[in-house]
Trainee: 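Let me give you the structure first, and then I'll get to my questions.
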Amino acid sequence: MEQSFHEMHCLIDLMVGNGIAPNHFVYNILISAYAQEETVGEVMHIFTKMQQEGLNPDVANYGAVINLLSSIGRMDDAMSQYNQMITEGLLPGIIVFTPLISGFCSCGKWEKVDELFSEMLDRGICPDTVFFNTVMDHLCKNGRVIEAQDLFDLMVNMGVKPFVRDYNTLIHGYCLVGKMDEGRKLLDNMCSIGLKPDDFTYSILIDGYSMKGRIGDALIVVREMLDGKVKPSIITFNIMIGALLKGGRKEEAKDLFDGIWANGLVPDVITYSLMIQKLIEEGSLQESDDLFLSMEKNGCVADSHMLNAIVRSLLRKGEVPRAGTYLSKIDERVFTLEASTAGLLTALASGGKCQEYKGLLPEKYHSFLEQGTD
DNA sequence: TTAGGGTTAG
């Protein structure tokens with residue numbers, strides 16, 4: 001980035017040297033590019049530089065700067081820029097209000113959200129589909145699904161057509177607070193107005209039912225998805241496999257796993273992680289090792305989360321030597337031990353077998369055993 | 001591509 005910052009300066013100097021003064025377009029391309037990298041120093045430098053050269057920032061320039069400041073939570077600074085542009089007589093548009101309001105949502109300043117939304121409407125600025133989706137998503141993720149629903153209704157009343165993504169956002173909101181029947185109603189509602197649910201819609205609902213332990217209802221949605229000719233993604237498979245395993249329906253989960261390839265997909269690290277943990281849990285240790293090997297043979301590489309989860313499963317089963325094998329992989333690949341994994345190691349030593357276990361685990365992790373003997 | 005946003009799994 002430092003290099004390209006230098007290049008940017010050279011480019012601007014070259015333009016000036018050729019009698020071409022950089023305009024708002026040029027500056028905004030630069031500001032936006034640096035904003036994407038979240039390099040605040042550079043952005044503010046360019047912003048100052050353009051003003052020094054007698055070019056007053058336009059609404060787009062302010063929009064890009066306010067977006068950057070809001071995205072990193074510097075709301076005081078974002079508001080100062082907003083006030084500055086008002087002072088200069090510029091008229092803020094939806095491009096300025098969306099990041100500003102989104103920023104206040106991110107830090108939970110809901111009264112500021114309400115205040116700015118009112119101000120925006122007072123200024124005659126119409127919220128659009130991007131605005132509604134952004135704010136609804138924030139509300140849903142904070143458990144404020146009732147307010148998200150109100151916003152959704154307002155959107156419809158204002159004549160802004162909801163898209164599949166808006167439904168997905170709201171259904172997710174209901175799932176997060178366990179209101180599955182409301183989520184389910186929305187699925188039917190979107191179908192009735194001619195919107196076709198996608199794999200996200202179904203996956204969100206399947207996961208929601210699964211979290212509530214309603215495996216039967218989850219499977220009904222799976223059936224509807226397949227009947228509707230919506231192709232599941234590997235994530236959908238992972239959700240379904242997770243739901244079945246949770247419901248103790250291992251054979252069906254295994255059938256789904258075997259059917260992944262027929263759907264033109266390949267299992268990913270999460271699919272394998274789910275299956276392997278289940279095998280360990282039921283004591284099929286050789287099978288779990290075999291699956292791990294075939295996974296790596298298929299080019300799917302274990303990540304830190306997976307190895308930690310495997311180690312924890314093995315430790316819970318008292319399979320210390322095998323856990324040692326996977327701990328060595330964590331060590332070799334320079335992954336970190338997660339706190340919950342370390343906690344299990346420490347707990348292990350409190351049983352008085354610290355010395356015995358030391359011989360089974362890589363030396364690097366002996367300190368966790370020693371902590372347990374205090 | 002001059003400016004704002006967003007969904008699912010261990």
Side-chain angles (χ1 to χ4, degrees), chain A residues 22-33 35-36 43 57-71 78 85 90 92-103 105-106 120 125 127-141 148 162-176 183 197-211 218 221 225 230 232-246 267-278 302-310 312-313 338 340:
Chain A
N23 59 14
H24 295 105
F25 289 71
V26 174
Y27 276 109
N28 222 26
I29 292 167
L30 291 168
I31 291 172
S32 307
Q36 275 199 339
V43 168
D58 65 7
V59 179
N61 299 139
Y62 273 107
V65 168
I66 287 171
N67 179 40
L68 170 63
L69 295 169
S70 299
S71 70
M85 71 179 287
L90 291 170
I94 191 69
I95 297 299
V96 168
F97 276 99
T98 305
L100 215 44
I101 290 177
S102 175
C105 286
S106 293
M120 176 180 138
I125 298 161
D128 62 6
T129 180
V130 174
F131 178 89
F132 280 118
N133 191 270
T134 306
V135 182
M136 282 195 299
D137 188 57
H138 279 294
L139 290 168
C140 286
K141 287 189 174 144
F163 294 113
V164 173
R165 294 190 89 128
D166 300 310
Y167 275 95
N168 292 351
T169 298
L170 198 52
I171 292 172
H172 187 218
Y174 280 116
C175 291
L176 286 176
D198 59 14
D199 62 317
F200 283 82
T201 322
Y202 290 113
S203 298
I204 290 164
L205 270 171
I206 294 164
D207 188 49
Y209 277 128
S210 164
M211 284 192 298
V221 180
M225 176 176 189
V230 174
S233 67
I234 189 60
I235 296 175
T236 321
F237 267 100
N238 291 344
I239 293 169
M240 296 192 296
I241 288 171
L244 288 167
L245 291 177
K246 209 173 149 190
D268 67 7
V269 67
I270 295 174
T271 329
Y272 282 110
S273 196
L274 286 165
M275 298 301 291
I276 288 173
Q277 282 180 74
K278 186 66 181 182
D303 64 9
S304 177
H305 283 307
M306 181 191 211
L307 290 172
N308 271 276
I310 290 176
R312 287 195 297 270
S313 297
E338 290 170 3
S340 49

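All chains are named by letter (A, B, ...) in the order of the sequence lines, taking the proteins before the strands, and each is independently numbered beginning at 1.
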Trainee: Whole-Å distance between B/dA9 C1' and A/Leu205 CG?
Mentor: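 So the CG-C1' distance, A/Leu205 to B/dA9, works out to 15 Å.
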Trainee: Taking only residues two or more places apart in sequence, or in another chain, which ones meet A/Ser304 in a side-chain hydrogen bond (donor to acceptor under 3.5 Å, both in side chains)?
Mentor: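 A/Ser304 satisfies side-chain hydrogen bond (donor to acceptor under 3.5 Å, both in side chains) with A/Asn308 once adjacent residues are dropped.
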Trainee: Could you state the atom-to-atom distance from CG of A/Asp128 to P of B/dG5 in whole Å?
Mentor: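 Taking CG of A/Asp128 and P of B/dG5, I get 12 Å after rounding.
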Trainee: Would you kindly give the CD1-to-C1' distance between A/Ile125 and B/dA3, to the nearest whole Å?
Mentor: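 In whole Å, B/dA3 C1' lies 14 Å from A/Ile125 CD1.
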Trainee: Considering only side-chain heavy atoms of A/Leu274, which listed nucleotide, B/dG5, B/dT8, B/dG10, is closest?
Mentor: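 Nearest to the side-chain atoms of A/Leu274, counting from C-beta on, is B/dG10.
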Trainee: Give the nucleotide from the list B/dG4, B/dG10, B/dA9 with an atom nearest to the side chain of A/Thr98.
Mentor: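 Among B/dG4, B/dG10, B/dA9, the one nearest the side chain of A/Thr98 is B/dG4.
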Trainee: For a quick check of understanding: with a heavy-atom distance under 4.0 Å over all strands, which category does A/Ile29 fall into, base, sugar-phosphate or nothing?
Mentor: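 If one applies the 4.0 Å heavy-atom cut-off, A/Ile29 turns out to touch the sugar-phosphate alone, with no base involved.
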Trainee: Who passes ring-ring contact (aromatic ring centres under 6.0 Å, His included) against A/Phe131, sequence neighbours left out?
Mentor: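 ring-ring contact (aromatic ring centres under 6.0 Å, His included) check on A/Phe131 returns A/Phe117.
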Trainee: Given B/dG10, B/dA9, B/dG5, which nucleotide is nearest the side-chain atoms of A/Met306?
Mentor: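 Nucleotide nearest to A/Met306's side chain: B/dG10.
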Trainee: If you only use heavy atoms from C-beta on, which nucleotide in B/dG10, B/dT7, B/dG4 is closest to the side chain of A/Pro99?
Mentor: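 Minimum distance to the A/Pro99 side chain belongs to B/dG4.
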Trainee: Less than 4.5 Å apart, any side-chain heavy atom of A/Thr134 and any of A/Val130?
Mentor: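 Heavy-atom side-chain distance check passes, below 4.5 Å.
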Trainee: Would you classify A/Thr129 as touching base, sugar-phosphate or nothing, given that sugar-phosphate means primed atoms plus P, OP1 and OP2, and contacts are heavy atoms under 4.0 Å?
Mentor: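 If one applies the 4.0 Å heavy-atom cut-off, A/Thr129 turns out to touch a base.
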Trainee: Between B/dG5 atom P and A/Phe132 atom CZ, what is the distance in whole Å?
Mentor: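 So the two atoms are 17 Å apart, to the nearest Å.
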Trainee: Distance between the C1' atoms of B/dT7 and B/dA3, in whole angstroms?
Mentor: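 About 24 Å, rounded to a whole number of Å.
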Trainee: So, A/Thr169 versus A/Asp137: side-chain donor-acceptor pair below 3.5 Å or not?
Mentor: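 No.
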Trainee: Choosing from B/dG5, B/dT8, B/dG10, which nucleotide comes nearest the side chain of A/Val130?
Mentor: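 Among the listed nucleotides, the one closest to the side chain of A/Val130 is B/dG5.
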Trainee: Residues of residues 57-66 of chain A with any non-hydrogen atom less than 4.0 angstrom from an atom of DNA chain B: list those, numerically ordered, please.
Mentor: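 Within this stretch, A/Ala60 sit under 4.0 Å of the strand.
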Trainee: Tell me what A/Asp303 touches on the nucleic acid: a base, only sugar-phosphate, or nothing, going by heavy atoms under 4.0 Å.
Mentor: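 Counting heavy atoms under 4.0 Å across all strands, the contact made by A/Asp303 includes a base.
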Trainee: List the residues meeting side-chain hydrogen bond (donor to acceptor under 3.5 Å, both in side chains) with A/Lys246, not counting sequence neighbours, and say none if there are none.
Mentor: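 In terms of side-chain hydrogen bond (donor to acceptor under 3.5 Å, both in side chains), with neighbours along the sequence ignored, A/Lys246 is linked to no residue.
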Trainee: Taking it one step at a time, do A/Gln277 and A/Ser313 satisfy side-chain contact (heavy atoms from CB on, under 4.5 Å)?
Mentor: CA-CA 6 Å; A/Gln277 282 180 74; A/Ser313 297; 3.6 Å; yes
Trainee: In terms of side-chain heavy atoms of A/Ser273, which of B/dG10, B/dG4, B/dT8 is nearest?
Mentor: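 The answer is B/dG10.
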Trainee: Is the distance from OP1 or OP2 of B/dG10 to the nearest side-chain N or O of A/Asn238 less than 4.0 Å?
Mentor: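 So the side chain of A/Asn238 is outside the cut-off, no N or O lying under 4.0 Å from OP1 or OP2 of B/dG10.
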Trainee: If you look at every strand shown and take non-hydrogen atoms under 4.0 Å, does A/Val269 touch a base, only sugar-phosphate, or nothing?
Mentor: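 Result for A/Val269 = base.
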Trainee: For A/His172, which contact category applies under a 4.0 Å heavy-atom criterion: base, sugar-phosphate, or nothing?
Mentor: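 Sugar-phosphate: the residue A/His172, judged by heavy atoms under 4.0 Å, touches backbone atoms but no base.
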Trainee: Whole-Å distance between B/dT7 C1' and A/Ile204 CD1?
Mentor: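 In whole Å, B/dT7 C1' lies 5 Å from A/Ile204 CD1.
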Trainee: Looking only at the side chain of A/Asn133 (C-beta and beyond, no hydrogens), which of the listed nucleotides B/dT8, B/dG5, B/dA9 gets closest?
Mentor: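 Within the option list, the nearest is B/dG5.
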Trainee: Side-chain N or O of A/Lys141 versus OP1/OP2 of B/dT7: is the shortest distance under 4.0 Å?
Mentor: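 Yes, such a contact exists.
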Trainee: What integer distance in Å separates A/Ile31:CD1 from B/dT2:P?
Mentor: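 Taking atom P of B/dT2 as the reference, CD1 of A/Ile31 is at 14 Å.
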Trainee: Would you indicate what A/Ser102 reaches in the nucleic acid, counting non-hydrogen atoms under 4.0 angstrom: base, sugar-phosphate, or nothing?
Mentor: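 No contact at all - A/Ser102 keeps every heavy atom at 4.0 Å or more from the nucleic acid.
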Trainee: Output the rounded distance in Å from NE2 (A/His24) to C1' (B/dA3).
Mentor: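 Taking NE2 of A/His24 and C1' of B/dA3, I get 13 Å after rounding.
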Trainee: CE/A/Met211 to CG/A/Asp207 distance, rounded to the nearest 0.5 angstrom?
Mentor: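 Rounded to the nearest 0.5 Å, the CE-CG separation comes to 4.5 Å.
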Trainee: What is the distance, to the nearest angstrom, from the CD1 atom on A/Ile239 to the C1' atom on B/dA9?
Mentor: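 From A/Ile239 CD1 to B/dA9 C1': 5 Å.
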Trainee: Say we look at B/dG5 and B/dT1: how far apart would their P atoms be, to the nearest angstrom?
Mentor: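 Looking at atom P only, B/dG5 and B/dT1 are 15 Å apart.
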Trainee: For A/Ser210, what residues pass the side-chain hydrogen bond (donor to acceptor under 3.5 Å, both in side chains) criterion, not counting sequence neighbours?
Mentor: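 With neighbours one apart ignored, the set is empty.
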Trainee: For A/Ser340, what residues pass the side-chain hydrogen bond (donor to acceptor under 3.5 Å, both in side chains) criterion, not counting sequence neighbours?
Mentor: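 With sequence neighbours excluded, A/Ser340 shows a side-chain hydrogen bond (donor to acceptor under 3.5 Å, both in side chains) to A/Arg312, given in chain and number order.
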Trainee: Among B/dG4, B/dG10, B/dT7, find the nucleotide with the atom closest to the side chain of A/Ile94.
Mentor: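 Among the listed nucleotides, the one closest to the side chain of A/Ile94 is B/dG4.
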